[in-house]
Amino acid sequence: MKKQVSLIILLIIASFSYAQKMKVQEGNIKNLKDINQYSLVFDYSDLEIPKFKNEAEFLKDKMEKREKKEAGSGEEFKKNWFNDREERYQPKFIESFNKRFKNNEVTVTDNDTSDYIMHIHTTKIYPGYNVGIMRHNAEISVTISVYSKANPDKILFKGSYKDVQGAGAMGYDYNSGYRISECYAKSAKIFAKYIQKKAL
């Protein structure tokens, strides 16, 4: 029994480690060595939602279930689903990334002020769930591309993270927007550390 438990723990740790590994697709992280600020572009196109054909099908399912319980709650869910991007996910990414650099060696901003773009393409969102006695972390997969504003066709670096999990509030994360925002915080953290380790 102890061996089985140990094996399960090892498998969980291994899968978690794999999920946090950057898969480089193009360019070289060393190309970012002398860049100290990026303007962020967040992209949610062609978004995959596990167990659903597409995002539209996901929203239809969730809205219909909520409308049966309370009129208007379906539309409220849809509104929050999109609003959370600017109100939760993106600020969380910025905050988490910037605080890794204590002396502002590298910063990201949502203002169009930098000569370099960091393009964050979210390719998958799994909202997770928390129903009190049972919960599952949210997960996102992202592809991060960096290029200069002057030459957007030349990718300096492109890489992806798969199934980055976010959790917070000591398990009291009943709101899906909050759970997903923690995935963006984690993505920013691991990419900032990747830059620190590999580029600077």
Side-chain angles (χ1 to χ4, degrees), residues 16-17 19-45 47 80-128 137-152 154-170 172-173 175-200:
F16 182 78
S17 299
Q20 311 312 316
K21 188 174 181 180
M22 166 64 76
K23 181 180 179 182
V24 178
Q25 296 171 298
E26 192 174 343
N28 191 312
I29 193 68
K30 294 292 185 185
N31 291 334
L32 313 189
K33 183 179 179 182
D34 297 320
I35 304 173
N36 55 30
Q37 187 183 66
Y38 300 90
S39 289
L40 292 173
V41 172
F42 288 90
D43 179 1
Y44 302 91
S45 62
L47 185 63
N80 290 336
W81 176 258
F82 290 109
N83 286 349
D84 281 345
R85 296 175 178 181
E86 288 190 11
E87 294 176 2
R88 291 178 182 264
Y89 312 159
Q90 296 166 196
K92 201 76 171 183
F93 186 99
I94 294 167
E95 177 191 13
S96 180
F97 186 97
N98 286 342
K99 75 178 183 181
R100 309 299 157 188
F101 298 91
K102 302 299 183 184
N103 298 312
N104 297 323
E105 304 95 319
V106 181
T107 60
V108 294
T109 177
D110 55 359
N111 296 321
D112 187 23
T113 54
S114 174
D115 292 332
Y116 293 91
I117 305 298
M118 185 182 292
H119 185 277
I120 314 295
H121 183 197
T122 303
T123 56
K124 186 193 91 169
I125 292 179
Y126 171 62
N137 289 342
E139 296 178 359
I140 64 170
S141 295
V142 293
T143 298
I144 302 174
S145 304
V146 177
Y147 50 87
S148 73
K149 196 183 294 181
N151 191 3
K154 183 180 179 181
I155 301 298
L156 301 176
F157 176 80
K158 181 178 181 179
S160 60
Y161 288 114
K162 183 180 179 183
D163 301 337
V164 179
Q165 295 193 9
M170 302 295 288
Y172 293 96
D173 50 356
N175 182 281
S176 63
Y178 176 81
R179 289 193 300 272
I180 296 167
S181 74
E182 290 301 311
C183 299
Y184 283 91
K186 185 64 177 292
S187 298
K189 176 183 177 180
I190 57 179
F191 188 53
K193 287 185 175 294
Y194 186 74
I195 289 175
Q196 288 173 329
K197 184 178 179 180
K198 302 286 187 179
L200 301 185

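All values reported here derive from a predicted model rather than from experimental measurement. Residue numbers run from 1 in the order of the sequence given.
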Considering all heavy atoms of both residues, which atom of [X] and which atom of [Y] are nearest to each other, and what is their separation?
| X | Y | answer |
| --- | --- | --- |
| W81 | R85 | NE1-NH2, 3.7 Å |
| S39 | S114 | OG-N, 3.0 Å |
| S141 | D163 | OG-N, 3.0 Å |
| E105 | N36 | O-CB, 3.2 Å |
| I29 | A199 | O-CB, 3.4 Å |
| P127 | R179 | O-NE, 3.0 Å |

When you compare the side chain of [Y] with that of [X], does any pair of heavy atoms fall below 4.5 Å?
| X | Y | result |
| --- | --- | --- |
| I180 | D84 | no |
| L47 | T123 | no |
| S160 | V142 | no |
| K158 | I144 | no |
| T122 | D43 | no |
| R100 | V106 | no |
| P91 | I94 | no |
| Q37 | T109 | yes |

Please check if the side chain of [X] supplies one atom and the backbone of [Y] the other of a donor-acceptor pair under 3.5 Å.
| X | Y | value |
| --- | --- | --- |
| N175 | G177 | yes |
| H119 | V146 | no |
| N28 | N31 | no |
| S96 | A185 | yes |

State the [atom1]-[atom2] distance between [X] and [Y], to the nearest 0.5 angstrom.
| X | Y | atom1 | atom2 | result |
| --- | --- | --- | --- | --- |
| F157 | M22 | CZ | CE | 4.0 Å |
| K189 | E95 | NZ | CD | 13.0 Å |
| T143 | K162 | OG1 | NZ | 12.0 Å |
| L156 | I117 | CG | CD1 | 11.0 Å |
| Y44 | F82 | OH | CZ | 11.0 Å |
| I155 | Q25 | CD1 | CD | 10.5 Å |

Counting only heavy atoms not in [X], do more than 12 fall under 6.0 Å of its [atom1]?
| X | atom1 | value |
| --- | --- | --- |
| E86 | CD | no |
| K124 | NZ | yes |
| N83 | CG | yes |
| K33 | NZ | no |

message = Before you tell me yes or no, could you show the steps for K92 and E182 under side chain to side chain contact (heavy atoms under 4.5 Å, CB included), namely the whole-Å CA-CA distance, both residues' side-chain angles and the distance that decides it to 0.1 Å?
response = CA-CA 7 Å; K92 201 76 171 183; E182 290 301 311; 2.9 Å; yes
inquiry  = Applying side chain to side chain contact (heavy atoms under 4.5 Å, CB included) to Y116 and K149, what does each step give before you reach the verdict?
reply    = CA-CA 5 Å; Y116 293 91; K149 196 183 294 181; over 6 Å; no
inquiry  = Before we go on, tell me: are the rings of Y38 and F97 under 6.0 Å apart, centre to centre?
reply    = no
message = Please determine whether side chain to side chain contact (heavy atoms under 4.5 Å, CB included) holds for the pair V108 and F101, giving the CA-CA distance in whole Å, both sets of side-chain angles, and the decisive distance to 0.1 Å.
response = CA-CA 11 Å; V108 294; F101 298 91; over 6 Å; no
query = Is there a side chain to side chain contact (heavy atoms under 4.5 Å, CB included) between L40 and F93 once you walk through the steps?
reply = CA-CA 10 Å; L40 292 173; F93 186 99; 4.0 Å; yes
ask   = Hey, what's the ring geometry for Y161 with F191, parallel, tilted or perpendicular (30° and 60° as the breaks)?
value =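 Correct class here is perpendicular.
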query = Does the ring of Y184 carry R88 above it, NZ/CZ under 6.0 angstrom from centre and within 45° of its axis?
reply =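 No, a cation-pi geometry is absent between R88 and Y184.
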